[in-house]
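First the structure, in the form of structure tokens, and then the observations on it.
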Amino acid sequence: MNILETTIKARELFGGFELCRLQEEETRKLQERLENKKITIAVIGQFKRGKTTLINTILGRPLLPVGIVPITAAITRIEYAEDAGDHATVYFSNGLSEAVPAEDLHAYISEQENHDNERGVAEVELLTDADFLKDGLTLVDTPGVGSVHENNSKSAVDFARESDGVVFMLSVDSPINQIEVDFLRKVKQFAGKFYFVVNKIDRVDEEELAEYLDYCSALICRIMDLEGDEAKALKLVPVSARKGTGVQELTEMIRTDLLVKGPEIMERSVGLKLLQILNQTRSQIASYREVLKMAPNVFNRRFEEMKQLMEEQRQQVQHLEDRKFLRAELNEEKAFLTRKVRELFGIEYYYFVDREDAAELMDRETYAAELTAVYDELENTVNSIFMYKEENAYTVARRIEDLNILMQQMRKLSRQIEREIQTT
Ligand SMILES: Nc1nc2c(ncn2[C@@H]2O[C@H](COP(=O)(O)OP(=O)(O)OP(=O)(O)O)[C@@H](O)[C@H]2O)c(=O)[nH]1
Ligand SMILES: [Mg+2]
């Protein structure tokens with residue numbers, strides 16, 4: 001049994017339960033990652049450590065905006081494409097996307113031009129032909145941890161959890177602080193492989209650098225629980241992202257690691273993520289069991305509230321014009337329903353948000369039909385999840401039994417993954 005098989009098994013397990021749609025989608029993505037063999041490396045750290053400068057140096061040209069004030073306001077994924085001519089796509093949180101010339105990216109990425117992410121950017125994808133990205137490596141630039149702009153998009157913690165490797169950036173102009181310590185504590189069990197990089201070494205002399213490296217190594221060993229050989233193996237990488245000093249050593253180190261140990265690193269990181277998903281599902285089912293105990297009159301009231309909401313929305317459809325943003329509106333409606341179901345019934349009900357080109361048009365009839373389908377499905381699902389309309393004790397007992405089996409199988413899978421991770 002390997003991680004890919006375990007992932008497929010988990011996906012099949014989740015597929016049998018309407019409550020686990022989100023988990024099914026998450027495991028599907030993990031499976032895809034294992035099959036595509038694409039490795040993701042995120043550059044993470046507090047604001048102004050020089051993350052974006054390092055990425056520009058690695059790419060060999062200043063593609064992304066840097067600066068003295070907090071800059072990066074949105075996540076950028078950078079992938080390899082031959083002769084791509086630096087092609088970029090901006091994905092918005094409502095599901096729309098737009099092709100943008102690379103030289104105009106700053107309008108979407110930089111905090112100054114996209115203040116508090118008012119443009120609603122979910123993430124940016126940049127294709128370029130840098131050598132470092134060859135062989136399926138994706139590099140990700142992220143907003144600074146702890147900056148006021150961090151919450152604009154997915155948090156750095158989530159990102160570290162989704163990556164196979166993390167380049168964690170420190171810089172000699174400030175020792176590790178509490179925000180960084182907290183961050184490392186949160187992600188240490190979930191990220192695949194860490195590279196600790198110390199930037200801006202052009203600002204200090206050799207002696208000062210040695211002192212800084214000693215201090216940080218000791219601290220990182222404590223935070224990451226590294227002892228003995230593991231502690232000895234910890235190697236901080238000093239660089240000057242601006243001048244390029246040490247950057248080649250870093251990129252060689254990462255590429256060598258990935259070429260030799262890539263599959264291993266990825267299996268471990270996927271295994272850790274699977275464990276996390278299984279844990280989340282367990283607590284979700286626990287809260288679902290609580291909701292099952294909800295008094296029928298309370299449930300009926302909330303169910304009515306939900307139906308009324310849907311009815312109001314259906315009425316509004318008639319006043320819409322044919323516009324290209326109908327797709328985005330449908331996605332926003334789905335996000336709204338997800339929040340509402342959580343609020344009313346305490347369960348996670350997940351929708352797929354369709355990604356679509358912003359230029360694509362959607363007419364009103366299609367929109368109305370899709371919206372109706374979304375509502376009908378939700379109504380049926382909520383009904384069947386809670387079974388209050390079926391006063392059939394046998395069905396209810398079967399349901400509880402199914403949940404018990406699901407819990408049992410999840411425990412079994414968790415144990416299996418734990419064993420697999422230990423052997424990688
Ligand atoms: N002296 C020196 N300055 C650097 C170096 N690397 C980056 N800087 C400067 O540090 C500042 C911040 O650089 P960025 O690359 O924007 O930092 P960041 O970590 O991406 O910042 P956020 O996106 O805001 O989180 C800029 O003024 C850079 O010029 C370096 O190696 N040496
Ligand atoms: Mg930046």
Side-chain angles (χ1 to χ4, degrees), residues 41-78 88 90 102 105-117 119 121 123-126 128 130 132 138-160 163 166-180 182-184 187 194-206 208-209 212-213 216 236-251:
I41 299 262
V43 182
I44 295 179
Q46 252 207 295
F47 51 92
K48 304 280 61 81
R49 296 297 190 244
K51 301 179 291 297
T52 309
T53 308
L54 175 73
I55 289 178
N56 282 338
T57 304
I58 291 176
L59 298 178
R61 60 195 125 165
L63 285 170
L64 303 174
V66 298
I68 193 79
V69 289
I71 289 290
T72 307
I75 276 156
T76 310
R77 281 173 185 280
I78 310 146
V90 178
L105 269 184
H106 52 88
Y108 301 87
I109 298 176
S110 98
E111 165 54 31
Q112 280 61 41
E113 290 173 75
N114 179 15
H115 185 59
D116 275 345
N117 193 14
R119 287 175 171 236
V121 176
E123 85 182 34
V124 172
E125 186 185 84
L126 174 64
T128 186
F132 179 74
T138 303
L139 196 57
V140 186
D141 190 17
T142 64
V145 177
S147 86
V148 282
H149 315 297
E150 193 198 338
N151 297 330
N152 286 343
S153 43
K154 196 181 278 181
S155 79
V157 171
D158 291 334
F159 231 87
S163 307
V166 171
V167 169
F168 192 73
M169 264 210 126
L170 299 160
S171 80
V172 293
D173 47 5
S174 92
I176 297 186
N177 61 29
Q178 196 57 42
I179 292 175
E180 290 166 322
D182 290 345
F183 173 82
L184 287 173
V187 301
F194 270 93
Y195 298 91
F196 290 96
V197 173
V198 174
N199 190 25
K200 307 195 188 179
I201 59 167
D202 52 284
R203 288 202 174 156
V204 290
D205 62 31
E206 260 175 54
E208 287 171 315
L209 177 62
Y212 184 92
L213 293 177
C216 287
L236 271 53
V237 191
V239 304
S240 166
R242 186 187 277 176
K243 300 218 157 119
T245 330
V247 175
Q248 200 183 340
E249 283 85 339
L250 173 68
T251 52

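Numbering of ligands and ligand atoms starts at 1, following listing order. Note that this is a predicted model, so its numbers are computed, not measured.
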* Please find out if the Mg ion (ligand 2) and some N, O or S atom of T53 are separated by less than 2.8 Å. => no
* the Mg ion (ligand 2) reached by T142 (N, O or S, under 2.8 Å) -> no
Is [X] close to ligand 1, meaning an N/O of one under 3.5 Å from an N/O of the other?
| X | value |
| --- | --- |
| K200 | yes |
| D141 | no |
| A241 | yes |
| P143 | no |
| G144 | yes |

* Does D173 pair with R203 as a salt bridge, N-O distance under 4.0 Å? -> yes
With heavy atoms of [X] as the reference, note each atom of ligand 1 found under 4.0 Å away.
| X | result |
| --- | --- |
| T72 | 22 (P), 23 (O), 24 (O) |
| G67 | 11 (C), 12 (C), 13 (O), 16 (O), 26 (C), 27 (O) |
| G50 | 7 (C), 13 (O), 14 (P), 15 (O), 17 (O), 18 (P), 19 (O) |
| D202 | 1 (N), 2 (C), 30 (C), 31 (O), 32 (N) |
| S240 | 31 (O) |

* Structure fact -> Nearest heavy atom to atom 28 (C) of ligand 1, choosing from T53, T245, T52, belongs to T53
* Proximal candidate to atom 25 (O) of ligand 1 [heavy atom criterion; set R49, R203, K51] -> K51
* Structure fact -> Here the gap from T138 atom OG1 to E125 atom CD, rounded to the nearest 0.5 Å, amounts to 8.5 Å
* To do: In sequence, state the C-alpha distance, the side-chain angles, and the governing distance for I78 and L63, and then conclude on side-chain contact (heavy atoms from CB on, under 4.5 Å).
  => CA-CA 10 Å; I78 310 146; L63 285 170; 5.9 Å; no
